[in-house]
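Beneath this line is the structure, given in structure tokens, with notes to follow.
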Amino acid sequence: ARQVGKTYVIEEFAKENFSSYIKINFEERPELMKLFEKNNAKLIINELSILFNSDIEIENTLIFIDEIQICPKAIHSLRYFFEQLPNLHIIAAGSLLDHALNEIQYSMPVGRVEFLYMYPMSFKEFLWANDKLKLAEYIDHFDFSDNFSEVIDKQIREFLRYYFFIGGMPEAVKQFTQYNNLIEVSRIHRNIITSIKYDFSKYGTRKQQEYMNLVFLYGAKNIGRKVKYVNINRDIRSIALKEASEKLELSRLIHLVKHTNASGVPINSLINPEHFKLVFFDIGLSNHVSKIQLVDLNELMTINEGMLAEQYVGQELLAGSESHLDPELYYWNREEKNSNAEIDFIYQNKNKLYPIEVKAGKIGTLKSLQIYLAEKKLNVGIRLNLDLPSIGDFNASVRTGNKTHDLNYKLISLPLYMTNRISNLLTKLLDKESF
């Protein structure tokens, strides 16, 4: 998405690892697009060297093409750089890149480029930015061998509270870490939202922009709720709102949480395309759009506590995935008379599925999780809440349909701020015993 720090990290990477780098930004210098009308990589490099008055050493210079989506021919040219100058280092970035790739008229350089995906700063990165490396290390090293410190937990939850309202957009985080000025953070949020809305003009007609704005605002305010287009605007055709949501998804501004009925891998084998929820791309911005303000540090949540907790977990699951993978989120629900059940997220670790229940406080029933485990014949569930981490064996009598099941299962309970540890902890626990 826009303003998540792509340009910054690439420039820092270039400074640390190369003797020189050349940055091509098609928004700032649109005339450079003409260079890429050729299919001769060596000629392009020679002309860039002259225009930037800089020697380009194949092994020691990084070529950075920013906002590459503006010039589809530059995307296409990557195959010629790969074939003609295989030792030249090139990184391309673009916040609307998925739109360009979806509509590109040229053959894609398949097998010649590696894709990486970037998201707003995670909570762990937020702790780093606030110079709380020891807190982050303490979270990273926890493995159930010792009790988790209640004093440290309290301090982590204070920063989690701030993160909920500041979010992970680098400019907002920087303002907070340097000046601790929440009013200025709110101003930055407003400016980011405004610039994103201006981008809508690049996606389609004026009507489509209007629909995107509606879905954008709806998504920020209705996280974790099953999407029904009639609830967005009953006077607009569903197909138009569906197209708008697809454009926002391509822009990485919203992420679909897809319904799956799978009992095992592949997790995407039993998807119901008509059932999905939304996760916004940044929790701080979703709060800003919803006009939710940081009021009392002693209370982590607000009246929208469940929504914020689910947004946070979804965002952490996305940010915590391998950077070369384009992750997808899944959930499960069953809508039956007198027997509704919903699991917030279905998580895959290696070749097993685990239901994740998200709770905004320290208490809450596990009825849906137990129903899911019984129906899918699984025996491990995960709960994310505000309590200290724990793990234990439980029994329950679960009724599904006309049958009653005696369920024996293991519950891994983690504080919300350990969402990014789920995969690592599951792997460690699997090594110790059979799950």
Taking [Y]'s backbone N and O only, do any of them form a donor-acceptor pair with [X]'s side chain (distance below 3.5 Å, no angle check)?
| X | Y | value |
| --- | --- | --- |
| Ser251 | Leu253 | no |
| Glu246 | Leu248 | no |
| His275 | Lys258 | no |
| Ser368 | Glu342 | yes |

Would you call [X] and [Y] a salt bridge, using N to O less than 4.0 angstrom?
| X | Y | result |
| --- | --- | --- |
| Arg399 | Glu375 | no |
| Glu67 | Arg2 | yes |
| Asp140 | Lys124 | yes |
| Glu150 | Lys154 | no |

Mind checking whether [X] and [Y] have ring centres under 6.0 Å apart?
| X | Y | value |
| --- | --- | --- |
| His89 | Phe18 | yes |
| Phe281 | Tyr119 | no |
| Tyr312 | Phe164 | yes |
| Phe148 | Tyr138 | yes |
| Tyr198 | Phe200 | no |
| His259 | Phe276 | no |

Which of Ile267, Leu329, Val257 passes side-chain contact (heavy atoms from CB on, under 4.5 Å) with Ile346? It is Ile267
So [Y] and [X], do their side chains get closer than 4.5 Å, heavy atoms only?
| X | Y | answer |
| --- | --- | --- |
| Ile412 | Tyr354 | no |
| Val289 | Ile193 | yes |
| Phe36 | Ile24 | yes |
| Thr419 | Leu384 | yes |
| Ile188 | Met169 | no |
| Asn349 | Thr427 | yes |
| Leu373 | Val398 | no |
| Phe345 | Leu317 | yes |

Kindly compute the distance separating [atom1] ([X]) from [atom2] ([Y]), expressed to the nearest 0.5 Å.
| X | Y | atom1 | atom2 | answer |
| --- | --- | --- | --- | --- |
| Lys242 | Arg237 | NZ | CZ | 12.5 Å |
| Leu278 | Glu249 | CG | CD | 9.0 Å |
| His288 | Ser186 | NE2 | OG | 4.5 Å |
| Asn379 | Lys410 | CG | NZ | 8.5 Å |
| Ser77 | Ile44 | OG | CD1 | 5.0 Å |

Starting from the C-alpha separation in whole Å, work towards a yes-or-no answer on side-chain hydrogen bond (donor to acceptor under 3.5 Å, both in side chains) for Gln3 and Ser195.
-> CA-CA 10 Å; Gln3 300 186 45; Ser195 65; 2.9 Å; yes
Would you tell me whether [X] and [Y] have side-chain atoms, one donor and one acceptor, within less than 3.5 Å of each other?
| X | Y | value |
| --- | --- | --- |
| Asp66 | Thr7 | yes |
| Tyr211 | Gln209 | no |
| Gln175 | Glu171 | no |

Lys428 vs Arg421, test: side chain to side chain contact (heavy atoms under 4.5 Å, CB included). Steps then yes/no. CA-CA 11 Å; Lys428 286 187 175 182; Arg421 292 292 320 282; 4.3 Å; yes
Only one of Asp344, Asn272, Asn261 passes side chain to side chain donor-acceptor pair (under 3.5 Å) with Trp332, and that residue is Asn261
Worksheet item: What orientation do Phe123 and Tyr163 show, parallel under 30°, tilted 30 to 60°, or perpendicular over 60°?
Response: perpendicular
With a cut-off of under 6.0 Å to the ring centre and 45° to the axis, is Lys197 in cation-pi contact with Phe216?
no
**Item:** NZ or CZ of Arg29 within 45° of Phe52 ring axis and under 6.0 Å
**Value:** yes
Closest heavy-atom pair, Leu353 versus Leu378, reported as atoms and distance to 0.1 Å, is O-CD1, 3.8 Å
